[in-house]
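Data block below; observations after.
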Amino acid sequence: MADRILVAYATRYGSTAEVAEAIGDELRKSGVEVDVRPVDEVRDLSLYRAAVIGSPIYMGKWLPEPQVFIEKNQQYLRTIPVAYFAVGLTVAEGGGEILRKAEASMDPVRMLVNPVDVGVFPGKLVSGNLSFTDRTIIKLIRAKTGDFRDWESVCSWAGAVRSKIVPA
Ligand SMILES: Cc1cc2nc3c(=O)[nH]c(=O)nc-3n(C[C@H](O)[C@H](O)[C@H](O)COP(=O)(O)O)c2cc1C
């Protein structure tokens, strides 16, 4: 029976996984069972009455895994409430144009399944952890590093999503 909520995510360095866990904790406050899973580990989607799916932004785009997941499962996902979130470093700078660009990372998945809500959140970048390629790109674009995640905004968004997907 579809009585659980899925929070599915992709991550390269772990920061989006922690954002997904915080969203899961907030959704659990509705008393509903919530599974927080890397999108590659989701097996039986029919268990879920709603799904929150997120990705970090790399070069303006979501990672491929959640996009492939949504494409593959679009038929079922269209029958339940779905929300999307994106985690990116630029979001920390704020500003309309930056947020619009971060939101645009979700355009391809919005075209597949229309979400009840979308969220964009500042991420985390620690240069010591990065692969050689990622470190080179970060040096070239002179991106600032640090942990800019804003747990209050993540929880407040998840609370708003909860009220949309778990009617009181
Ligand atoms: C090579 C590279 C490209 C990135 N491109 C973007 C980008 O286009 N927009 C953005 O907001 N953040 C960008 N970021 C920052 C990541 O989205 C951010 O660090 C995020 O928290 C990483 O999530 P993860 O730890 O789950 O992989 C980039 C980071 C790297 C290393």
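We count ligands from 1, going down the list as the structure has it; atoms in each ligand are counted the same way. The structure presented is a predicted model; accordingly, all values stated were derived computationally and were not measured.
Under 4.0 Å is where a charged nitrogen must lie from a carboxylate oxygen, and between Arg110 and Asp107 no such pair does. Residues Glu97 and Arg100 are paired through a salt bridge, judged by an N-O separation under 4.0 Å between the basic side chain and the carboxylate. In summary, Arg49 and Asp3 do not engage in a salt bridge, as defined by a charged side-chain N under 4.0 Å from a carboxylate O.
The shortest N/O to N/O separation between Leu89 and ligand 1 falls below 3.5 Å. Here's the thing with Leu130: none of its N/O atoms is less than 3.5 angstrom from an N/O atom of ligand 1. An N or O contact shorter than 3.5 Å links Arg12 to ligand 1 by distance.
Within the 4.0 Å heavy-atom criterion, the part of Ile138 lying near ligand 1 is the side chain and not the backbone.
Judged by distance alone, the side chain of Asp134 and the main-chain N or O of Leu130 form no donor-acceptor pair under 3.5 Å.
The single protein non-hydrogen atom nearest to atom 23 (O) of ligand 1 is Ser15 OG, 3.0 Å, given as residue, atom name and distance. Considering only non-hydrogen protein atoms, atom 8 (O) of ligand 1 sits nearest to Gly60 N, 2.7 Å. In terms of protein heavy atoms, atom 11 (O) of ligand 1 is closest to Thr90 OG1, 2.6 Å. Nearest protein heavy-atom contact of atom 19 (O) of ligand 1 is Lys124 O, 2.7 Å. The shortest contact between atom 1 (C) of ligand 1 and any protein heavy atom is with Asp134 OD1, 3.4 Å.
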Under the criterion side chain to side chain donor-acceptor pair (under 3.5 Å), I'd like the reasoning laid out for Tyr48 against Asp35: C-alpha separation, chi angles, the key distance, then a yes or no.
CA-CA 9 Å; Tyr48 300 105; Asp35 294 334; 2.7 Å; yes
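Not close to ligand 1: Ala102, with no non-hydrogen atom less than 4.0 angstrom away.
The heavy atom nearest to atom 30 (C) of ligand 1, out of those in Tyr58, Tyr9, Phe148, is found in Tyr58. In this comparison of Ile57, Thr16, Leu125, the heavy atom closest to atom 16 (C) of ligand 1 sits on Ile57.
Of all the heavy atoms in Val154 and Ala22, the pair that sits closest is CG1-CB, 4.1 Å.
Under the 3.5 Å distance criterion, with hydrogens and angles disregarded, no donor-acceptor pair is assigned to the side chains of Tyr84 and Asp117.
In this pair, Phe121 and Trp157 present their aromatic rings perpendicular. The plane angle is above 60°, beyond the 30 to 60° band.
Close approach of ligand 1 to Met59 is summarised as follows: ligand atoms under 4.0 Å from at least one heavy atom of the residue are 3 (C), 4 (C), 5 (N), 6 (C), 7 (C), 8 (O). Less than 4.0 angstrom separates some heavy atom of Thr11 from each of these atoms of ligand 1: 24 (P), 25 (O), 26 (O), 27 (O). For ligand 1 and Val87, the ligand atoms under 4.0 Å from any heavy atom of the residue are 17 (O), 21 (O). Listed by number with element, the atoms of ligand 1 under 4.0 angstrom from any heavy atom of Gly123 are 21 (O).
Of the candidates Val87, Thr11, Leu63, Leu63 is the only one forming a side-chain contact (heavy atoms from CB on, under 4.5 Å) with Ser55.
Cation-pi contact between Lys72 and Tyr76: absent, since separation from the ring centre below 6.0 Å together with deviation from the ring axis within 45° is not met.
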